[in-house]
Each structure stands twice: as structure tokens, then as C-alpha cells.
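Position 1 is the first residue of the sequence, and the numbers go up from there.
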Amino acid sequence: APTPRNMGGASSNLRSMLSEESSRVRGARLDGEPAGLRLSEMLKFQVPDEFVGDVVIPHPATLWVLDKDKDGLFSDQDIHAFADGMGRYTHGLIREEWRDMLVGKCYMSLHDDVLRPKRDELMGDSSSSEEEEIAEIDANRNRRVDRASTKDSSRGEPGGLAGYLEWFGKMCVANDSGYEALRKALQDDTKPKLIHVDTVHDLYLAFNVKNASALAFDSQNGTAFQTFLETLQLEAEQKKLMSLEDEQLDDYVPLATLKEFAAGVMRGYRSVNINTPGMARPG
């Protein structure tokens, strides 16, 4: 395969390839349903051959950045914008750095959008315009100062957690749309919203749950997902969101329980500090 110059998303050929791949993985849609990819479809998305191994799609930070308009779906426009942004970021990087630096870039976006503590005006705001960000990347490419560590994000509640959980809920519901009729038969508006086990499995893949230390033994035995599912359902029962005695609910988990899982992941991420070139802005 030819050595790519960068991931320059401005290429009309690359945009065409990305759109074709979206069409390949997109399942059937009912009239009026949006064409944006659902989580299950995005997890099947394969990047062009010359970028295989450089982009990690099953990652909470990557998915957050990929869904630019935060509607819970991954449209062609979202995917093209992601390719554009990552193309600018990889410019000047050696190929061997792309994978780690792209994950780091996405994590830092998640950090700024979600993980930073509720804003303290004395700390300032790390957000900037696209032009400023590009200029900073170019100017600071060789400066490896860890911005995350300059402002401790491990204290207090993540400032953007509510917005993240709103997006997470949209992503779950959009992915689960095929089970709407079944779900309506099991509940009414007075009961917690339920999410089908297939979507729970997609979340298991997207959040790389099988690598959690608590599931190390189960991963070796091929039972990690079942343990994860049972843990979620037990937690839901303890909070009186479902009954494990109700066999109709065996294949469901309340959305509220899934949101609490996602919130726990985000709180755990606050202590992660990474170095990404051009991302430093010491206070």
C-alpha cells in the first residue's frame, strides 16, 4: 500500500471512500429514519486500507469526537469532519506515532468537553477556534507538556458529564431502534426506559469492557460479557429499576443503569494524564 502523506480529509477521493464504507455497513431504514450510522454499524466501519491500524474506532473518546453534532448517530458529515481534523493533526507526525497520538487527541477533546471540573473562571478556558488550534499544533509540535496535568481534572464532578450522558443516551436509543415495538410491549411511560442486550453488547465492545481488570478471569473463559450483563441487571434490581424474576426482561437493561456505567467510566478517566504534541497550554 502507498505510504499516505497524512489523513488529509480534504481529498474528495477519501471522502468518497468513507461514504462508500458508510453505505456498506448501513442497515435498512424505515421511511423518515435518519441515514447516520448507528453504534453497531459504526463498529463495523473499516477505515481505508492505507489507514488500517491508525484509527481506533471502538473507544469512548473516538466515538465522542466522531459524532460532531452529538445526535447519537454518525453521519457522513461527521465522518468527513473527523477525517479532516485528524488529517490536520497527523501532518508532520511520523507514521508510527499516528495511532497513539490520535487516541490522545480524542482523549484531550473528551477531557476539555466533559472531564474538566465545573468551570472556575480563575482557571480559564482551554477551548479555542479551529484556526487557533491548528496554529497551536504547528507552533508547539515539539513541546510535550501535559495539559491535563497542569489543571487537575481528578477532583470534583466532571463539568460536562450531564451533556455526555445525554449524548450517550441518544446513542443507545438510536442503536436500539429495531427493538422499539418489543420494548413498548414491556413498558409504559411510567417505567424506566429499557435497552436491548444487543445494544449492551455494542457498548461492551465500544468501551472495551473485556479488558477491565475485574473481568480478567471471565475474559479468559469467554464469559466476560455475560458477567458484565448480569452485573448491570443486578445493579438495576438493587435500585428497583427492574426485577430479575421477570423473564420478559432477561434481554434488557434500564438506560439509567447504562448511563451510570458510562458516568463511572468518565469519572475514572479523570485521572488519566497523557502527552500529545501541540496540545499543551500551561497555565
### Query
Given a cutoff of under 4.5 Å between side-chain heavy atoms of I, L, V, M, F, W and Y, with clusters grown through shared members, what are the other residues clustered with L234?
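Direct or chained contacts put L234 with L244.
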### Task
Could you work out the complete set of other residues in the hydrophobic cluster of L30, with links drawn between I, L, V, M, F, W and Y side chains under 4.5 Å apart?
none
Could you tell me which residues satisfy side-chain hydrogen bond (donor to acceptor under 3.5 Å, both in side chains) with [X], sequence neighbours excluded, listed by chain and number?
X    : value
E237 : none
E235 : none
R29  : E41
Q46  : none

### Message
Would you compute the distance between atom CH2 of W64 and atom NE2 of H59 and round it to the nearest 0.5 angstrom?
### Response
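W64 CH2 to H59 NE2: 14.5 Å, rounded to 0.5 Å.
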### Query
If we only count heavy atoms from C-beta on, is the L194 to V253 side-chain gap below 4.5 Å?
no
Side-chain atoms of residues 226-233: list all donor-acceptor pairs with protein atoms under 3.5 Å, sequence neighbours left out, distances to 0.1 Å.
{"from": "Q226", "atom 1": "NE2", "to": "E230", "atom 2": "OE2", "distance (Å)": "3.0"}
{"from": "T227", "atom 1": "OG1", "to": "D218", "atom 2": "OD1", "distance (Å)": "2.8"}
{"from": "T227", "atom 1": "OG1", "to": "T223", "atom 2": "O", "distance (Å)": "3.1"}
{"from": "T231", "atom 1": "OG1", "to": "T227", "atom 2": "O", "distance (Å)": "2.7"}
{"from": "Q233", "atom 1": "NE2", "to": "D250", "atom 2": "O", "distance (Å)": "2.9"}
{"from": "Q233", "atom 1": "NE2", "to": "Y252", "atom 2": "O", "distance (Å)": "3.0"}

Closest approach of [X] to [Y] (non-hydrogen atoms, all atoms of both residues):
X    : Y    : answer
L73  : P34  : CD1-CG, 3.3 Å
A28  : E33  : O-OE1, 4.4 Å
I195 : V200 : O-CG2, 4.2 Å

Donor-acceptor pairs are to be reported for all side-chain atoms of residues 201-211 against protein atoms at under 3.5 Å, with residues two or more places apart or in another chain.
{"from": "D202", "atom 1": "OD2", "to": "N175", "atom 2": "ND2", "distance (Å)": "3.0"}
{"from": "N208", "atom 1": "OD1", "to": "N211", "atom 2": "ND2", "distance (Å)": "3.2"}

#### Entry: R116 backbone acceptor or donor facing D112 side chain under 3.5 Å
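No; zero donor-acceptor contacts below 3.5 Å.
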#### Entry: Hydrophobic cluster identity match, Y164 and Y269, side-chain contacts under 4.5 Å
yes
My understanding is that only residues two or more places apart in sequence, or in another chain, count here; which of them pass side chain to side chain contact (heavy atoms under 4.5 Å, CB included) with [X]?
X   : answer
D76 : S19, S22, R26, H80
Q77 : S75
P58 : L43, V56
K44 : V25

